Amino acid sequence: MSDYNNKTAIITGGGSGIGRQTALSLARKGANVTIADISEEAGEESVRLIEELGRNAIFVKTDVSNVEDVKAYVKKTKETFGSIDMFFNNAGIEGKVTSLADYPEDIFEKVVDINLKGAFYGLKYVIQEMLQNGGGAIVNTASNAALDGSPGVSPYSATKHSIVGLTKTAAGEYASQNIRVNAIAPGPTATNMMDRFTQGSEEVADQVKSGIPANRYGTPEEVANFVTFLLGSDVNFTNGAVYPIDGGITSV
Ligand SMILES: NC(=O)c1ccc[n+]([C@@H]2O[C@H](COP(=O)([O-])OP(=O)(O)OC[C@H]3O[C@@H](n4cnc5c(N)ncnc54)[C@H](O)[C@@H]3O)[C@@H](O)[C@H]2O)c1
């Protein structure tokens, strides 16, 4: 059985949704957790929930698109817990919903800065640390928008496709040094992101669900369970893969 006890995980976007549930899942198994999130209130609340479980967590206020913030969450984690064994490179934004020819350039750049550059900076500085530490496990958050076109969210789809490229490349570069890099491709999942995407409309939500064979959203806990599994040592030969968690979307 994978042993997470006293191992350390960094989770970007750990203040909400998929990131928070993964933080709680790892903490329940005994891991120390660093929550790196742009929202102080949300991040501190995740820390409080972990401490309520009797586990250790710290919050590092982070904008993942700022490389100095990324270096800071790596440094603070090492100083506090001594090592970085697991990394959930998860923070992301959806941007605006509008067709490509009308897409505002400044929002396009913001989505690229957070979803692509933020993920790259995280990989770069965490891998440097893991190399010193004898290895580690990384999961990057892509999306089912990484596997197909997604009308209305071109930069989101493009940046999530780029996560697949980063994942496979990093996996190949570092497999021999005991670092595994996989990605998840969740379908619509019941988090704040999905609420923003549907703007609270039941009708739009039903439309989205009608495109999912399971006819419902996934829960952040269901995604967290799989990420926890991928970060564990039971699956040490799993590397460079992209796993849909989508109620069957990719099957049709
Ligand atoms: N919810 C879905 O349907 C779905 C589907 C596929 C993939 N995803 C991906 O899952 C990941 C998590 O999304 P979620 O659904 O939990 O959304 P969420 O909005 O509930 O959580 C995202 C978290 O990221 C943080 N964040 C945003 N910008 C940041 C930045 N610049 N630096 C650091 N933190 C930042 C937010 O404060 C928030 O806590 C994202 O990468 C998203 O693209 C979500």
Side-chain angles (χ1 to χ4, degrees), residues 10-25 34-47 49 59-74 87-95 97 107 109-122 139-148 150 152-153 155-164 166-167 183-199 204-205 208-209 211-212 214 216-224 226-227 242-247 249-250:
I10 297 175
I11 302 183
T12 67
S16 174
I18 292 168
R20 174 178 287 172
Q21 290 309 321
T22 303
L24 288 167
S25 166
T34 293
I35 303 284
D37 200 289
I38 201 162
S39 164
E40 193 156 353
E41 196 186 341
E44 291 288 11
E45 175 61 9
S46 292
V47 168
L49 291 169
F59 170 66
V60 184
K61 187 172 166 59
T62 304
D63 176 352
V64 294
S65 67
N66 178 334
V67 72
E68 295 308 322
D69 283 9
V70 172
K71 289 180 194 168
Y73 72 60
V74 169
F87 179 42
F88 186 30
N89 198 11
N90 165 72
I93 59 166
E94 68 282 6
V97 182
I107 302 179
E109 278 169 25
K110 188 169 181 201
V111 176
V112 170
D113 283 349
I114 294 173
N115 292 8
L116 171 54
K117 288 192 196 164
F120 163 70
Y121 295 150
V139 173
N140 296 318
T141 302
S143 165
N144 68 331
L147 308 175
D148 270 316
S150 303
V153 286
Y156 184 77
S157 179
T159 54
K160 292 300 184 180
H161 275 74
S162 75
I163 294 292
V164 175
L166 286 173
T167 300
I184 52 162
T189 307
T191 68
N192 293 340
M193 178 177 282
M194 218 41 226
D195 289 343
R196 290 192 300 271
F197 188 73
T198 58
Q199 296 183 333
V204 179
V208 174
K209 287 174 195 166
I212 306 171
R216 67 170 176 88
Y217 291 162
T219 66
E221 291 84 355
E222 286 170 318
V223 179
F226 195 72
V227 175
V242 182
Y243 294 93
I245 310 169
D246 64 3
I249 294 175
T250 38

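Atoms within a ligand are numbered from 1 in the order they appear, just like the ligands themselves. Values below: every heavy atom of this structure, side chains too, minus hydrogens, waters and symmetry copies. None of these values were measured; they are calculated from a predicted model.
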Name the atoms and distances for all side-chain donor-acceptor pairs under 3.5 Å in residues 184-193, with sequence neighbours left out.
{"unit_1": "T189", "atom_1": "OG1", "unit_2": "G187", "atom_2": "O", "d": "2.7"}
{"unit_1": "T191", "atom_1": "OG1", "unit_2": "M193", "atom_2": "N", "d": "3.2"}
{"unit_1": "N192", "atom_1": "ND2", "unit_2": "S16", "atom_2": "OG", "d": "3.3"}

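- Sorted by chain then number, the residues whose non-hydrogen atoms approach ligand 1 to under 4.0 Å are G13, G15, S16, G17, I18, D37, I38, S39, T62, D63, V64, N90, A91, G92, I93, I114, T141, A142, S143, Y156, K160, P186, G187, P188, T189, T191, N192, M193, M194, R196.
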List the steps and the verdict of side chain to side chain contact (heavy atoms under 4.5 Å, CB included) for V64 and D69. CA-CA 7 Å; V64 294; D69 283 9; over 6 Å; no
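- With hydrogens and angles left out, the side-chain atoms of S65 and D113 include no donor and acceptor closer than 3.5 Å.
- For the residue pair N140/N89, the side-chain donor-acceptor check at 3.5 Å is satisfied.
- One side chain, T159 or N115, offers a donor N or O that lies under 3.5 Å from an acceptor on the other.
- Counted within 6.0 Å of NZ on K117, heavy atoms from surrounding residues, nucleotides or ligands total 12 or fewer; the atom is thus considered open.
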